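Written below as structure tokens is the structure these notes are about.
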Amino acid sequence: RKWIKEGFKVAIVARNGDKLRAFEQQHGQDATKGYSCDVTNRQQMEKTVAQIEADLGPIHTMVYNAGNGIWKTYNQLTEAEFDLCMNTNTRGLLTAAQLICPKMEQRGEGVVAVTGATASWRGKPFTTAFAAAKAAQRSLSQSLARDLGPKNVHVFYVIVDGGVDKNEEMGKESPGKLDPNAIAETYWNLAQQPKSCWTFELDLRPSVENW
């Protein structure tokens with residue numbers, strides 16, 4: 001919604017087609033288009049990125065918000081569940097970067113925003129898979145930032161340290177939760193930074209969060 005307000009055409013990618021259609025109806029297909037895709041499927045990603053570029057033009061900004069959390073201890077976790085966490089959080093980011101960032105390099109501009117979590121910093125018994133995946137995602141993002149920064153592509157990583165308020169009605173707040181509109185404003189501000197002063201990593205939390 002923030003990027004649409006600022007004049008961007010926005011492609012929303014998700015597995016849930018109903019969510020995508022509802023978003024299109026809310027904002028109008030001139031401003032936004034939804035694409036059903038699973039980030040763990042490279043073939044789907046290739047087709048989706050190509051279709052986005054055909055429909056909306058070159059991709060200037062990518063917000064990688066895809067995530068998968070499995071809350072189990074090491075002795076409860078299956079290898080398939082571990083792989084799913086890694087594939088969604090980390091390998092999917094690599095695939096997206098490989099498909100989108102070379103064209104940003106060629107144009108000499110672009111923004112890649114990646115959503116991290118508390119687990120990007122530390123693992124707990126029940127985040128065996130999630131923490132491993134988010135820590136790997138954070139390191140991958142840093143590698144991308146170091147590679148792409150000199151090529152004028154700004155990669156940043158935002159650690160969302162707390163629960164996000166799912167009540168999207170303006171004026172209503174859930175105490176102790178992060179306001180998604182404020183998160184979006186922060187992402188936008190980071191994306192507008194001059195290249196003489198770029199942030200790589202930023203952590204966000206409500207004032208009452210125990211950290």
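Here, residue 1 is the first one in the sequence, and each next residue gets the next number. The structure displayed is predicted, hence computed values, not measured ones.
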For this session: Go through the steps to decide whether Thr95 and Val39 satisfy the test side chain to side chain contact (heavy atoms under 4.5 Å, CB included), and finish with yes or no.
Result: CA-CA 8 Å; Thr95 300; Val39 297; over 6 Å; no
Exercise. Say you draw a straight line from CE of Met104 to CG of Asn152; how long is it, rounded to the nearest 0.5 Å?
Worked result: 11.5 Å
Problem set entry | OG1 on Thr40 to CE on Met86, rounded to 0.5 Å | 13.5 Å
For this session: Determine whether the side chains of Ser120 and Tyr157 contain a donor N or O and an acceptor N or O closer than 3.5 Å.
Result: yes
Exercise. Would one find more than 12 heavy atoms of other residues, nucleotides or ligands at under 6.0 Å from atom NZ of Lys2?
Worked result: yes
For this session: Please test Gln142 against Ser139 for side-chain hydrogen bond (donor to acceptor under 3.5 Å, both in side chains), starting from the C-alpha separation and ending with a verdict.
Result: CA-CA 5 Å; Gln142 190 174 97; Ser139 289; over 6 Å; no
Problem set entry | Gln193 (side chain) donor-acceptor with Thr199 (main chain) under 3.5 angstrom | yes
Exercise. Do Trp188 and Ile12 belong together in a cluster built from hydrophobic side chains that touch within less than 4.5 Å?
Worked result: yes
Seminar exercise, completed: Closest non-hydrogen contact found for Asp18 with Arg21 is OD1-NH2, 2.6 Å
Problem set entry | Ion pair check, Asp179 and Lys177, cut-off under 4.0 Å | no
For this session: Could you check Val158 against Leu190 for side chain to side chain contact (heavy atoms under 4.5 Å, CB included), going step by step and ending with a plain yes or no?
Result: CA-CA 10 Å; Val158 178; Leu190 291 174; 3.8 Å; yes
For this session: Provide the closest heavy-atom pair for Ala129 versus Leu77 in the form atom of the first, atom of the second, distance.
Result: CB-CD2, 3.7 Å
Exercise. Are Leu56 and Leu20 joined in one hydrophobic group, where the rule is that I, L, V, M, F, W and Y side chains link up if heavy atoms are under 4.5 Å apart?
Worked result: no
Exercise. Are any of the side-chain heavy atoms of Asp203 and Arg205 separated by less than 4.5 Å?
Worked result: yes
For this session: Evaluate side chain to side chain contact (heavy atoms under 4.5 Å, CB included) for Leu202 paired with Ile159, printing each intermediate quantity in order.
Result: CA-CA 6 Å; Leu202 187 74; Ile159 292 177; over 6 Å; no
Problem set entry | Shortest non-hydrogen contact from Pro125 toward Thr128 | O-OG1, 3.0 Å
Exercise. Between Asp147 and Pro150, what is the shortest heavy-atom contact and its length?
Worked result: O-CD, 3.5 Å
Exercise. Got a donor-acceptor contact below 3.5 angstrom from the Arg107 side chain to the Ile59 backbone?
Worked result: yes
For this session: Measure the spacing between CD1 of Ile70 and OG1 of Thr78 and express it to the nearest 0.5 Å.
Result: 7.0 Å
Problem set entry | Residues Arg1, Asn181; criterion side chain to side chain contact (heavy atoms under 4.5 Å, CB included); working and verdict | CA-CA 9 Å; Arg1 293 198 304 269; Asn181 298 291; 3.0 Å; yes
Exercise. When you measure from the side chain of Thr32 to the backbone N and O of Val10, does any donor-acceptor pair fall under 3.5 Å?
Worked result: yes
Exercise. Do Tyr187 and Thr115 have a side chain donor and acceptor closer than 3.5 Å?
Worked result: yes
Between side-chain atoms of residues 46-53 and protein atoms elsewhere (two or more places apart, or another chain), which donor-acceptor pairs fall under 3.5 Å?
from	atom 1	to	atom 2	distance (Å)
Glu46	OE2	Arg42	NE	3.4
Thr48	OG1	Gln44	O	2.8
Gln51	NE2	Asp55	OD1	2.9
Gln51	NE2	Asp55	OD2	3.4
Glu53	OE1	Lys103	NZ	2.8
Glu53	OE2	Lys103	NZ	3.1

Exercise. With sequence neighbours left out, what residues match Asp38 under salt bridge (Lys or Arg N to Asp or Glu O under 4.0 Å)?
Worked result: none
Exercise. Checking His60 side chain against Phe8 main chain: does a donor-acceptor pair fall under 3.5 Å?
Worked result: no
Exercise. Under 3.5 Å, side chain of Thr90 to main-chain N/O of Ala133, donor-acceptor pair present?
Worked result: yes
Problem set entry | Euclidean distance, Phe200 CZ relative to Arg138 CZ, rounded to 0.5 Å | 7.0 Å
Exercise. Which distance, rounded to the nearest 0.5 Å, do you find between the CD of Glu6 and the OG1 of Thr61?
Worked result: 11.5 Å
For this session: Drop me the distance from Lys134's NZ to Thr127's OG1, to the nearest 0.5 angstrom.
Result: 12.0 Å
Exercise. So does Arg146 have more than 12 non-hydrogen atoms from other groups sitting under 6.0 Å from CZ?
Worked result: no
Problem set entry | All pairs passing ring pair (Phe, Tyr, Trp, His ring centres under 6.0 Å) where residues 17-58 contributes a residue, at least two apart | Phe23-His27
Exercise. Given the rule in the ring pair (Phe, Tyr, Trp, His ring centres under 6.0 Å) test, do Phe156 and Trp198 qualify, once you have shown the distances and angles that lead to the verdict?
Worked result: CA-CA 8 Å; Phe156 61 83; Trp198 273 356; 9.5 Å; no
Exercise. Does Glu79 CD have over 12 foreign heavy atoms under 6.0 Å away?
Worked result: no
